[in-house]
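A quick note: this is a predicted structure, and the numbers were derived from the prediction, not measured. We name chains A, B, ... by the order of the sequence lines, and we start the count at 1 in each one.
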Amino acid sequence: MGKYYITTAIAYTSRKPHIGNSYEIVLTDAIARFRRLQGHDVFFLTGTDEHGQKIEEYAQKAGVTPKEYVDKVAAEIRGICDLLNTTYDKFIRTTDDYHEKAVQNIFKKLYEQGDIYKSVYKGHYCVPCESFFTDSQLVDGKCPDCGGEARDTSEEAYFFKLSKYQKQLEEHIEKHPDFIYPESRKNEMLNNFIRPGLQDLCVSRSSFKWGIPVPIDEGHVIYVWIDALSNYITALGYDPYDECGDLYKKYWPADVHIIGKDIIRFHTIYWPIMLMALGEPLPEKVYGHPWLLFGTDKMSKSKGNVIYADDLIEVFGVDAVRYYLLSEMPHANDGSITYESMIERYNSDLANTIGNLVSRTVAMVNKYFDGTLPCNTCSEPIDDEFKATILSALPAVEKAFDEFKIANAAEAVLNVAKRSNKYIDETYPWLLAKEEDKKDRLSTVLYNLVESIRILAVLLKPFIPATSDKILAAINTDIDDYESIKTFGAIPAGSSVATCEPLFARIDAQKFIDELIAKNEAQQEKEKKVIEGLAPISIDEFAKVELRVAKVKACEPIKKAKKLLKLTLDDGSGEDRTVASGIAQWYKPDDLIGRNVIVVANLQPATLCGVESKGMILAGGEDEVKVIFVDDIEVGTKIR
RNA sequence: CGCGGGGUGGAGCAGUCGGUAGCUCGUCGGGCUCAUAACCCGGAGGUCAAAGGUUCAAGUCCUUUCCCCGCAACCA
């Protein structure tokens, strides 16, 4: 068994991580634990991505320095990784000094060999929004945010010659069909990005400061690509100019990068090209896992289906959360997560199948034999099929892990417990116990069960490590190596079991949901009172708002906009006024034509989906929006 | 035609290279009493979104249509 280097994407420290990040690290941890169990020398890397404009802004809002800000969030993220009982070997932060130094050297080297060059980044700048836009971002040549003029501008920046390596990358991907996984992603990358031709990549910014400085040019910072992606090698002590550390020599190239499907492009195009330019080997595989979504319904607090990782852990415990994430997530499609399905899986798989199996078996050994089984020699033909089924789990689990189908692996493990429960019904131990001359048979049956439970516990290690340890303690064994579960019968005859507390207490789903809803409602109530009411304004300030009654002359949906209706209003001024309003979900054009509404007449115009909107009409409501109609007030009347 | 993912028994999902439609939960009936109202067995329930095509054979391949869900763009 050789080395195995596995990584997660590094988490962006803009805010507290959501369940999606948690899924990724649990997934990666399960794989890392499984490979260790197999005997691989595993190095498991995770960490945080801490630079960029967004963080600069968040820090400013919070009134702290960027460094103070990321220190806090990085600690939170690391806390959640620990809470989830993940066994990362290193936690890298892109603000670590060795990383910053190595990144600067990487940049310098690429610049010196001509793969990075200085050029001009052309774009458009909107002064009021203080934002840059490319040609394609502009809407009708105007600022997509405010609809104002965006003036042509340009700034100096550094570019990375992706185009130079395009051919080489294409060849690599074709020669290594497993490089991008699952395969559907491979074609997506080749067809959409690589074959049409790669644009050189802008790798520096001068519009913000919070980043690693470009070593040869003080006004610029290194943009996210080179900074973040290179964490996979800097964490191992890579340096383009220096002797690389032992870790690097030992573990690089990575066996797999585990990432979300949204960043596949960066990991299968930019990253390999960077490595090619540096003359370093490429990772074996990039696995883009699917997303974890919240529920099937729309997210709604009152329904109790908004879900956070640490809340879940608090209620269900770490292993239940780990098991749920690993077993519920499909391999290719996005998975959804709800309290209902969580409880269902918890009760049926963990409490009923696994927990109860251990409980009833240990109880029988204690009850019938005082905890010590005298023999395991009285076999019957029915045992053979049982043992064969138990042993067949391992190859199935191996295959599933090889294919990154972790939910399938979990299912194969669960089958060990299911088959064992069935074996109890097949052998009637409670009847054997009533006949004195069946003691040997009874002992053998229980021995087989204890052994299958041991195999189950070992197989559960990657998924629910703490529970696995509890089970091993309950059957009083420390034989938990990979070899020992390839054959049946590692537990010596005459060994004893301990006792065990229930591993997972059943949860009453209805009661749980009711309590949750009550809790959420209470919290919402609280939040409402805080939010309610803005700061008082004077009558003069109110007078700055011009409200006028207007008649809807015409109305039509705006193409390409789901929510917008375009209204043509007669506001008494003699000129038609066009207003876009986000009420398409609730009103059809015919509902509005001919009716009088109140329009905010002196609102600054804005362009929405290509329509210039001058003003807005008054409407209110949360889930269902109602327009305020004033059919009995004359058109043009000012509202006070 | 903005990008993407989907429509398979009541719910959630598998279904490889086309070859008898499976799994979990629920439900109904039965069994059992070692165990956490758990465990085991059996039944019911599907024209695989629709139409057309290719084929000896289509959930699977091709074409068209309908419907959901994310993302993007806007709820001025």
Figure out the NZ/C1' separation between A:Lys422 and B:C39, and round it to whole Å. 13 Å

Does B:C61 have a Watson-Crick or wobble partner in any strand here, with both distances under 3.5 angstrom, and which is it? B:G53

Need one value for A:Lys367: base, sugar-phosphate or nothing, where a base atom within 4.0 Å counts as base even if backbone is also close, heavy atoms only. sugar-phosphate

In A:Asp571, A:Asp570, A:Asp576, the residue satisfying salt bridge (charged side-chain N to carboxylate O under 4.0 Å, His left out) with A:Lys553 is A:Asp576

Taking the C1' atom in each of B:U47 and B:A58, what is the distance between them to the nearest angstrom? 14 Å

Of the listed nucleotides (B:C39, B:U36, B:C25), which one gets closest to any side-chain atom of A:Ser359? B:U36

Could you check which of B:C34, B:U33, B:C39 has an atom nearest any side-chain atom of A:Asn352? B:C39

Looking only at the side chain of A:Arg360 (C-beta and beyond, no hydrogens), which of the listed nucleotides B:C75, B:C34, B:U36 gets closest? B:C34

Nearest-angstrom distance, C1' atom, B:U20 to B:A57: 12 Å

A:Phe504 near the nucleic acid: base, sugar-phosphate alone, or nothing, with a heavy-atom cut-off under 4.0 Å? base

Among B:U24, B:U33, B:A76, find the nucleotide with the atom closest to the side chain of A:Leu603. B:A76

Smallest heavy-atom separation, A:Tyr23 atom then A:Leu325 atom, equals CE1-O, 3.7 Å

Pairwise P distance, B:C66 and B:U55 [rounded to whole Å]: 28 Å

With respect to the side chain of A:Asp425, which nucleotide from B:U36, B:C34, B:A76 is positioned closest? B:C34

Which nucleotide wins on minimum distance to the side chain of A:Glu344, given the candidates B:C25, B:G31, B:C74? B:C25

Does a nitrogen or oxygen in the side chain of A:Asn408 sit under 4.0 Å from OP1 or OP2 of B:A14? no

Determine the interatomic distance between P on B:A44 and the same-named atom on B:C32; round to the nearest Å. 23 Å

If you only use heavy atoms from C-beta on, which nucleotide in B:U33, B:C39, B:C25 is closest to the side chain of A:Ser348? B:C25

Is the A:Phe369-A:Tyr447 ring centre distance short of 6.0 angstrom? no

Report yes or no: does A:Tyr324 contribute a side-chain atom to a donor-acceptor pair with the main-chain N or O of A:Ile343 at less than 3.5 Å? no

Measure the shortest side-chain to side-chain distance between A:Arg419 and A:Ser452 over non-hydrogen atoms and say whether it is less than 4.5 angstrom. no

Once you round it to whole Å, what is the distance between C1' of B:C74 and CG of A:Leu565? 13 Å

Checking all strands, does A:Ala580 fall into the base, sugar-phosphate, or nothing category for heavy-atom contacts under 4.0 angstrom? sugar-phosphate

Contact class for A:Gln604 vs. all strands (heavy atom < 4.0 Å): base, sugar-phosphate, or nothing? nothing

